[in-house]
Student: 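Let me begin by handing over the structure; questions about it come next.
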Amino acid sequence: MMWELIAANRRKSILLFVGMAVLLVALGYFIGEATMGEGGGSIGIIVAVGVWVIMSAASVFGGPELILKMSRAREVTPDVHPQLFNVVEEMKIASGLPKMPRVYIIDEKAPNAFATGLRPEGSSIAVTAGLLTRLNRDELQGVVAHETAHIMNRDVQFLTVASVMLGSIVLISEIFLRGMWYSGGGSARRYRSKKSSGGSGGNAVFIIAAIALAILGPLFARLLYLSISRKREYLADASGVVLTRYPEGLASALEKISASPLELAVANKVNAPMFIVAPLQEGKRALSGWGSTHPPIEERIGILRAMSQGAGLVSYQHAFAKMRGKPVNIVPRSGLQKDKTIPIREAHPDVVREQSQKQQTRDVMDLMRAVNGYAFLLCACGLKIKVPPEFAEPKIACPRCGRENEIPKAQIPEFAEVAAAVGAIVGTTGKFGGEVPFAQPASGAPGAVGPGEAPLEYHRRTREWESFACGCGHLLQLSPSFSASQMKCPNCGRITRVA
């Protein structure tokens, strides 16, 4: 069923590529003839294709990483946000991706997410800290499923190829028009003087055609790109629902993201089309039309909530046609023919409680600090102290009660990963004395295991900060708020049960 969607997307991508390539070649030819005279068309084509090749090479070899850096996204491990990794792994299995996407968190309060990567084997999913603190598990799963669908349907490849082609057309058009403006049409006059003896009718045609293509070409290419891009957002919603079997999860997530008044500071014209909700449009609502890469958000939510016949592609198609008020196909017929009836599941019991705006702000700030390497100490007076990664003193005073709090043995500058959300803090290996206990081989059932190793077991002695060592010697640390039943050593991958 999904392969039909991938095949249909690939065919449309080829048609778009051919259409833009013809436009690019025509633009190069007419500009060459208009500026360099007879025979200049072939040179113009070579220059246009050369610009496209250079821009394509740059996007292929460094595009995804550049977009992640531009978005200030940081790659994280499961210890930072276990639920996020759990959901990404679920969607990787459901979609059949050959490899789990790398997970990134963007240091931003505004909720949003995007996927990148030219191949499914090298893909990445990035979500903002604000998204993680505002969505429950079903909503988070809906967002991750949507981004996984973009990877699965090869939408990221399309965005890369199409945007580079569009950028090449815009760049060449801008250079030509600016050159004509600043030179006062000097190139055209030189060409007319050369051809004055033989008539200038043919030259005038080339000049007019070049100016028309330079003005209308980028507009036409962008409208074509936007039209197909909007359709791919619908298909990503439909495919995401197939993966989760719960349309309300994605609908509720889109509602919360679009309703957020916070501005996404890392968004720009390059990465904006990749986000699940367009971040640059005022209110993320009114301008979701012909000039947008995304469909109207209210329409997307309405379609998802109208899926009463199941969570399959046929149900999405019926809801789409009902929303439009006419029989319009959004899902390829080949995908509809092989679609299976998928019942809508019940809501997941593991959802977060509704939080106040103040608590949400605190949570997002803590998560952002955790991603940036901060440690969190809980003083006896109840105040949570944020310790920056560069802090080098052995103790820190509580700003509320003045109590001296000892920095845990896993020194702050050496922290490899921090997980404030679950209270697990993992430090680097150091030379520590015999007072730090080692986790012991687990008794009873085998349970979860690390790579090739039986699990270990550690019994907490207090509910305060505790340090213990994995069997490999790596120092692990438990905070007072640690609540998981086990943790994974980042050094050897071995599981330690915590009781």
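As a basis for the values below, the full set of heavy atoms in this structure was taken, side chains included, without hydrogen atoms, waters or symmetry mates. If you're wondering where the values come from, they're calculated on a predicted model, not measured in any experiment. Residue numbers count from 1 along this sequence.
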Student: On a heavy-atom basis, which atom in Cys470 and which in Leu456 lie closest, and how many Å separate them?
Tutor: SG-CD1, 4.1 Å
Student: Pair Val277, Leu254 - check side chain to side chain contact (heavy atoms under 4.5 Å, CB included), show working.
Tutor: CA-CA 7 Å; Val277 172; Leu254 292 175; 3.8 Å; yes
Student: Under 4.5 Å between any side-chain heavy atoms of Glu75 and Val103, yes or no?
Tutor: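 No, their side chains stay 4.5 Å or more apart.
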Student: Enter the distance from Leu131:CG to Thr133:OG1 here, rounded to the nearest 0.5 Å.
Tutor: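 With rounding to 0.5 Å, CG (Leu131) is 8.0 Å from OG1 (Thr133).
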Student: Do Pro455 and Thr496 have side-chain heavy atoms sitting under 4.5 Å apart?
Tutor: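 A side-chain contact under 4.5 Å is absent here.
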Student: Please check if the side chain of Arg154 supplies one atom and the backbone of Met152 the other of a donor-acceptor pair under 3.5 Å.
Tutor: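 At least one qualifying donor-acceptor pair exists.
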Student: Quick check: do Pro101 and Ser124 have side-chain heavy atoms less than 4.5 Å from each other?
Tutor: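 Result no, sub-4.5 Å side-chain heavy-atom pair not found.
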Student: Which residues satisfy the side chain to side chain contact (heavy atoms under 4.5 Å, CB included) test with Pro218, sequence neighbours excluded?
Tutor: Ile169, Val170, Ser173
Student: Quick one: list whatever passes salt bridge (charged side-chain N to carboxylate O under 4.0 Å, His left out) with Glu139, sequence neighbours left out.
Tutor: Lys256
Student: What are the two closest non-hydrogen atoms of Pro247 and Ile344, and how far apart are they?
Tutor: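 Scanning both residues, the minimum pair turns out to be CD-CG2, 3.8 Å.
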Student: Let me confirm one number: the CD-CZ distance from Gln440 to Phe468, rounded to the nearest 0.5 Å.
Tutor: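 So the CD of Gln440 and the CZ of Phe468 are separated by 11.0 Å.
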Student: Nearest heavy-atom pair of Pro279 and Leu264: which atoms, and what distance?
Tutor: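 The answer is CB-CD2, 3.8 Å.
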Student: Which residues satisfy the side chain to side chain donor-acceptor pair (under 3.5 Å) test with Ser71, sequence neighbours excluded?
Tutor: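 For Ser71, the residues satisfying side chain to side chain donor-acceptor pair (under 3.5 Å) (neighbours in sequence not counted) are Asn271.
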Student: Given the rule in the side chain to side chain contact (heavy atoms under 4.5 Å, CB included) test, do Met487 and Tyr458 qualify, once you have shown the distances and angles that lead to the verdict?
Tutor: CA-CA 10 Å; Met487 66 188 306; Tyr458 177 75; over 6 Å; no
Student: Search all heavy atoms of Ala253 against all heavy atoms of Leu135 and return the closest pair with its distance.
Tutor: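 Where Ala253 meets Leu135 most closely, the heavy atoms are CB-CD1, 4.0 Å.
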Student: Is the closest basic N to carboxylate O distance between Arg305 and Glu298 below 4.0 Å?
Tutor: no
Student: For Ala319, what residues pass the side chain to side chain contact (heavy atoms under 4.5 Å, CB included) criterion, not counting sequence neighbours?
Tutor: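 By the side chain to side chain contact (heavy atoms under 4.5 Å, CB included) rule, Ala319 matches Ile303, Ala306, Met307.
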Student: My understanding is that only residues two or more places apart in sequence, or in another chain, count here; which of them pass side chain to side chain contact (heavy atoms under 4.5 Å, CB included) with Glu346?
Tutor: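 With sequence neighbours excluded, Glu346 shows a side chain to side chain contact (heavy atoms under 4.5 Å, CB included) to no residue whatsoever.
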Student: Judged by atom type as modelled, is there a donor-acceptor pair below 3.5 Å linking the side chain of Ser252 to the main-chain atoms of Gly249?
Tutor: no
Student: Sequence neighbours excluded, which residues qualify as side chain to side chain contact (heavy atoms under 4.5 Å, CB included) partners of Leu219?
Tutor: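 Scan of Leu219 (side chain to side chain contact (heavy atoms under 4.5 Å, CB included), adjacent residues dropped) gives Leu223.
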Student: Does Glu299 reach the side chain of Met323, with side-chain heavy atoms less than 4.5 Å apart?
Tutor: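 Touching, per the 4.5 Å side-chain cut-off.
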Student: Tell me, do Thr116 and Ser123 make a side-chain contact under 4.5 Å, heavy atoms counted?
Tutor: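 Result no, sub-4.5 Å side-chain heavy-atom pair not found.
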Student: Nearest 0.5 Å please: distance from the NZ atom of Lys395 over to the CZ atom of Arg403.
Tutor: 11.5 Å
Student: So, for Met274 and Phe114, which heavy atoms are closest and what is the spacing to 0.1 Å?
Tutor: O-CB, 3.1 Å
Student: Looking at residues at least two apart in the chain, or sitting in another chain, which of them share a side chain to side chain donor-acceptor pair (under 3.5 Å) with Glu233?
Tutor: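 Side chain to side chain donor-acceptor pair (under 3.5 Å) list for Glu233, sorted by chain: His146, His150.
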Student: Strictly by salt bridge (Lys or Arg N to Asp or Glu O under 4.0 Å), give each pair with a member in residues 89-98 just once, sequence neighbours left out.
Tutor: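 Residue pairs with at least one partner in residues 89-98: Glu90-Arg137.
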Student: Could you please spell out the steps behind the salt bridge (charged side-chain N to carboxylate O under 4.0 Å, His left out) verdict for Asp107 and Arg72?
Tutor: CA-CA 7 Å; Asp107 192 1; Arg72 299 205 300 269; over 6 Å; no
Student: Checking side chain to side chain contact (heavy atoms under 4.5 Å, CB included) for the pair Val143/Val87: CA distance, chi angles, key distance, verdict?
Tutor: CA-CA 10 Å; Val143 170; Val87 169; over 6 Å; no
Student: How close do Leu97 and Pro120 get, counting heavy atoms only, and between which atoms?
Tutor: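 So the two residues come closest at CD2-CB, 4.1 Å.
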Student: With Tyr246, which residues qualify under ring pair (Phe, Tyr, Trp, His ring centres under 6.0 Å), at least two apart?
Tutor: none
Student: Assess whether side chain to side chain contact (heavy atoms under 4.5 Å, CB included) is satisfied between Ile276 and Asn112, documenting all intermediate values.
Tutor: CA-CA 6 Å; Ile276 187 171; Asn112 225 314; 3.3 Å; yes
Student: Checking Arg345 now: which residues fulfil side chain to side chain donor-acceptor pair (under 3.5 Å) with it, not counting sequence neighbours?
Tutor: Asp138, Gln141
Student: Quick one: list whatever passes ring pair (Phe, Tyr, Trp, His ring centres under 6.0 Å) with Tyr104, sequence neighbours left out.
Tutor: none
Student: Can you tell me how far apart OG (Ser239) and CG (Asp155) are? Round to the nearest 0.5 Å.
Tutor: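 Atom-to-atom, Ser239:OG and Asp155:CG are 8.0 Å apart.
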Student: Using 0.5 Å steps for rounding, measure from the CG atom of Leu250 to the CG atom of Asp237.
Tutor: 5.0 Å
Student: Look only at the side chain of Arg134 and the backbone of Lys109, and say whether a donor-acceptor pair between them is shorter than 3.5 Å.
Tutor: yes
Student: Within a strict 4.5 Å, meaning less than it, do heavy atoms of the Ile105 and Thr128 side chains meet?
Tutor: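 Answer no - side chains too far apart.
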Student: Evaluate the side-chain proximity of Leu140 to Gln83: yes if any heavy-atom separation is below 4.5 Å, no if none is.
Tutor: yes
Student: So, taking the atom named OH in Tyr234 and the one named CG in Leu304, what distance separates them when rounded to the nearest 0.5 Å?
Tutor: 10.5 Å
